Amino acid sequence: MVLAQDGVTPIRLACLDLAGTTIGDIAMIERAFAEAIATQGIVPGTGAYARAMVHVHRSRGCPKIDIFRGIFPDNEAQAQAANLTFERSFEGAVERSGLVPLPGTVEALDKLRGAGVKICLITGFSRATLGRVLSALSWSDKVDLALCPEDAGRGRPMPDMVLSAVLRLGIADVRQVAVAGGSESDMLCGRRAGASVIAGLLTGAHSRERLLKGGATHILDSVAGLPELVLGGVPAGTPVGASTH
């Protein structure tokens with residue numbers, strides 16, 4: 001079990017993002033976005049394409065369908081078609097190339113679970129895509145739960161997935177939750193859910209500045225540093241692994 005130290009709230013649940021947090025190859029996702037946008041007539045080399053990809057980058061971590069709705073705000077059919085292409089492209093890439101955990105991820109999961117911390121993976125993927133990802137990873141013995149926006153009501157930056165994990169896994173207090181991710185929306189989600197540890201990871205899509213703006217309590221080089229943070233009883237607000245300046 002994780003023991004409280006000097007008034008520090010013990011962590012019982014870690015909610016971890018997928019792409020850029022526990023699994024690598026963000027480029028695979030970027031390519032899927034580019035292909036999806038191109039099928040709707042927004043092709044590389046145009047101003048519209050550049051603006052669309054800026055929106056994609058800024059919105060990383062949010063539900064994929066919401067990202068496409070931001071690109072095609074007045075055309076739900078286009079947004080849905082682009083989202084379907086994205087899913088097919090990304091799932092096809094997963095089937096061809098597989099998925100590789102980021103260095104230290106498997107060891108971090110084992111350390112956390114070995115100390116009695118429950119693990120929930122949270123993502124902006126659809127349930128179908130999440131299923132493909134989990135199948136490719138074969139992590140059934142390393143995580144307790146995996147949630148997508150469809151499972152919780154709303155995706156990030158809303159707190160629904162973290163709060164759903166708290167309820168489903170029987171966590172008594174939201175302060176017993178650590179959230180880790182590489183996007184500003186991950187940080188906002190953790191803050192809105194009331195997590196006491198909100199770890200911004202430099203392996204993800206957004207910069208240290210964006211992560212801090214979203215509400216990160218700690219900045220880590222990667223998820224490999226999370227066990228030391230949450231098991232060591234480091235008070236929230238103490239930057240670990242990198243400076244906040």
Side-chain angles (χ1 to χ4, degrees), residues 1-24 60-61 101-123 139 142-147 156-157 159 161-163 165-166 169 171-245:
M1 298 298 290
V2 185
L3 301 178
Q5 298 180 15
D6 300 324
V8 177
T9 302
I11 298 301
R12 310 286 187 200
L13 168 64
C15 292
L16 312 178
D17 182 38
L18 278 171
T21 297
T22 53
I23 59 175
R60 286 298 299 272
L102 285 169
T105 296
V106 173
E107 293 82 358
L109 295 177
D110 288 342
K111 286 178 184 177
L112 290 168
R113 292 196 84 207
V117 178
K118 294 184 182 298
I119 303 294
C120 177
L121 300 177
I122 57 177
T123 182
W139 278 358
K142 298 188 182 301
V143 303
D144 299 282
L145 186 64
L147 296 176
R156 294 169 298 205
M161 288 192 289
V162 171
L163 296 178
V166 167
L169 295 174
I171 305 303
D173 190 330
V174 291
R175 292 173 297 178
Q176 296 175 328
V177 177
V179 172
S183 71
E184 184 180 2
S185 65
D186 289 308
M187 305 298 96
L188 288 167
C189 172
R191 187 173 71 186
R192 292 169 178 177
S196 62
V197 172
I198 307 167
L201 307 182
L202 298 179
T203 51
H206 290 160
S207 66
R208 180 197 319 272
E209 290 71 27
R210 286 287 300 277
L211 296 171
L212 291 170
K213 178 184 175 184
T217 59
H218 302 77
I219 300 294
L220 299 175
D221 291 331
S222 74
V223 75
L226 190 63
E228 181 182 359
L229 173 61
V230 303
L231 302 180
V234 179
T238 302
V240 174
S243 170
T244 59
H245 302 294

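Numbering starts at 1 and runs along the sequence shown. Note that the structure is predicted; figures quoted are calculated from it, not measured.
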With sequence neighbours left out, what residues match Ser185 under side-chain hydrogen bond (donor to acceptor under 3.5 Å, both in side chains)?
Ser183
Can you list the residues that meet the salt bridge (charged side-chain N to carboxylate O under 4.0 Å, His left out) rule with Arg191, with sequence neighbours excluded?
none
Under 4.5 Å between any side-chain heavy atoms of His218 and Leu229, yes or no?
yes
Note, Leu147 side chain near Leu121 side chain (heavy atom, < 4.5 Å)
no
Set of residues satisfying side chain to side chain contact (heavy atoms under 4.5 Å, CB included) with respect to Ile119, sequence neighbours excluded
Ala14, Leu16, Leu109, Leu112, Arg113, Val143, Asp144
Taking only residues two or more places apart in sequence, or in another chain, which ones meet Lys142 in a salt bridge (charged side-chain N to carboxylate O under 4.0 Å, His left out)?
Asp110
Worked verdict on Ile198 versus Asp186 for side-chain contact (heavy atoms from CB on, under 4.5 Å):
CA-CA 8 Å; Ile198 307 167; Asp186 289 308; over 6 Å; no
To the nearest 0.5 Å, atom CD1 of Ile11 lies from atom CD of Gln176 at 7.5 Å
If you define the side chain from C-beta out and look only at heavy atoms, does anything of Val223 sit under 4.5 Å from Thr203?
no
Pro103 versus Ser222, closest heavy-atom pair with distance
O-OG, 4.5 Å
With Cys189, which residues qualify under side chain to side chain contact (heavy atoms under 4.5 Å, CB included), at least two apart?
Arg156, Val162
Using a 4.5 Å cut-off on heavy atoms from C-beta on, say whether the side chain of Thr22 contacts that of Asp17.
no
For the student: nearest non-hydrogen atoms of Val179 and Ala195, plus distance:
CG2-CB, 3.9 Å
Below 4.5 Å, heavy atoms only, C-beta onward: do Leu202 and Arg208 meet side chain to side chain?
yes
For the side chain of His206 and the backbone of Leu211, is there at least one donor-acceptor N/O pair under 3.5 Å apart?
no
Of all residues at least two apart in sequence or in a different chain, which pass the salt bridge (charged side-chain N to carboxylate O under 4.0 Å, His left out) check with Arg175?
Asp173
Provide the closest heavy-atom pair for Leu169 versus Cys120 in the form atom of the first, atom of the second, distance.
CD1-CB, 4.4 Å
Evaluate the side-chain proximity of Val177 to Ser196: yes if any heavy-atom separation is below 4.5 Å, no if none is.
no
Compare all side-chain heavy atoms of Lys213 with those of Glu184 and state whether any distance is below 4.5 angstrom.
yes
Where do Gly200 and Ala216 come nearest, in terms of heavy atoms and distance?
N-CB, 4.1 Å
Locate the shortest heavy-atom distance separating Leu163 from Ala193; write the atom from each residue and the value.
CD2-O, 3.8 Å
Within the 4.5 Å heavy-atom criterion, are Leu201 and Leu102 side-chain neighbours or not?
no
